[in-house]
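Since the structure comes first, as structure tokens, the remarks are kept for the end.
Quantities reported herein were computed from a predicted structural model and do not represent experimental measurements. Computed from heavy atoms alone, side chains included, the values below leave out hydrogens, waters and symmetry copies.
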Amino acid sequence: MKPLDSAPADTESGIPVERGASAPGAERVSRERTRRPAGENAGNPAEVAEEEDPRERVNRRWNEILQETRVAQTGIQILFGFLLSVAFTQRFERLGDFDHRVYVITVVLGAAAIGALIAPVALHRFLSGSRMKDEVVAVAGRFMVCGMVLLALTIGCTLLLLLHTVLTDLLAEILVGTVMAWFAGAWFVLPLILKMRSGRSVDRGDREVAAGPRP
């Protein structure tokens, strides 16, 4: 009688393996070969976003909002502290009605900006544990945009108040208008342009993938 063929043994552990089944060592080697090194996609945000699950994505977006809030809060707090000290100087009493109105508007805008930039922290604190992190992140992003608009207006009004006391009215208004145009372009217009270009690039890539390789 022809003896039965013995099952091959795993070269690493010596354990017999049934025919048709892969050895544990081979599976481990296969996994190691297919596993991509950590950080390989670090420079490609699109691939990183595709590999994230919804929970990781919302946590990453929340951490980004917190970092942005810290940067914006530092600037508005320093500016607001300066504005509060102006009212207690002797020269403030000699300012005209126009300058007083600009000062009041500036202080109100600064307070509103602080409220908008701190709102994400308050939302997170009061809604923590309620399984509403997606909604919190979405609303916090809108508060951040609102706070940046109010911050830009506060800076513009502060600049107008300062320049109006040392320059002519027309020159002060021209300089303030130029600075505000720069803020609008750098903070809002440029990100929108980059977003539109990125969307067009993604659409072009999808069309090329759908069309398939050229003959």
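- Between atom CG of residue L160 and atom OG1 of residue T106 there is a gap of 7.5 Å, rounded to the nearest 0.5 Å.
- F92 and A87 get closest at one heavy-atom pair: CD2-O, 3.7 Å.
- Hydrophobic clustering (side-chain heavy atoms under 4.5 Å, transitive across Ile, Leu, Val, Met, Phe, Trp, Tyr) groups V166 together with L162.
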Taking it one step at a time, do L171 and T168 satisfy side chain to side chain contact (heavy atoms under 4.5 Å, CB included)?
CA-CA 5 Å; L171 183 57; T168 61; 3.3 Å; yes
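- In this structure, D99 CG and R91 CZ are separated by 9.5 Å, a value rounded to the nearest 0.5 Å.
- Distance CG/N63 to CG/N59: 6.5 Å, rounded to 0.5 Å.
- At a threshold of 4.5 Å between side-chain heavy atoms, the hydrophobic network of Ile, Leu, Val, Met, Phe, Trp and Tyr places Y103 and I78 in two separate groups.
- You'll find the side chain of L95 reaches within 4.5 Å of the side chain of T165, heavy atoms only.
- In this structure, the separation between CD on E64 and OG1 on T69 is 11.5 Å, given to the nearest 0.5 Å.
- Listed by chain and number, the hydrophobic cluster partners of L194 are L190, where partners are ILVMFWY side chains within reach of under 4.5 Å, directly or through others.
- Looking at heavy atoms from C-beta onward, H164 lies out of side-chain contact with V102 at the 4.5 angstrom threshold.
- The backbone N or O of R70 sits less than 3.5 Å from a side-chain atom of T74, completing a donor-acceptor pair.
- Transitive grouping of hydrophobic side chains (ILVMFWY, heavy atoms separated by less than 4.5 Å) keeps I174 and F183 in distinct clusters.
- Hydrophobic clustering places I105 together with F80 (ILVMFWY residues linked when any side-chain heavy atoms are closer than 4.5 Å, directly or through intermediates).
- Enclosure of atom CH2 in W182 is not indicated, since only 12 or fewer non-hydrogen atoms of other residues, nucleotides or ligands lie within 6.0 angstrom.
- In this structure the side chain of V71 never reaches within 4.5 angstrom of the side chain of E68, judged on heavy atoms.
- For the atom pair CD of E173 and CG of D169, the computed distance is 6.0 Å after rounding to the nearest 0.5 Å.
- Note that CZ of R197 is 12.5 Å distant from CG of L192, once rounded to the nearest 0.5 Å.
- Taking the six-membered ring for Trp and thresholds of 30 and 60 degrees, H124 and W62 have nearly parallel ring planes, at less than 30 degrees apart.
- The shortest side-chain heavy-atom distance between I114 and Q73 does not fall under the 4.5 Å cut-off.
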Should L175 and L159 be marked as a side chain to side chain contact (heavy atoms under 4.5 Å, CB included) after you check the CA-CA gap, both sets of side-chain angles, and the distance that decides it?
CA-CA 9 Å; L175 291 176; L159 192 61; 5.8 Å; no
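- Residues M180 and V176 are in side-chain contact: their nearest non-hydrogen atoms beyond the backbone lie under 4.5 Å apart.
- L127 and V121 are assigned to two separate hydrophobic clusters, defined by single-linkage of ILVMFWY side chains at heavy-atom distances under 4.5 Å.
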Let me check something: any side-chain donor-acceptor pairs from residues 145-158 under 3.5 Å, sequence neighbours excluded? List them with distances.
from	atom 1	to	atom 2	distance (Å)
T154	OG1	L109	O	3.4
T154	OG1	G110	N	3.3
T154	OG1	L150	O	2.7
T158	OG1	T154	O	2.7

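- I65 approaches A140 most closely through the heavy-atom pair CD1-CB, 4.0 Å.
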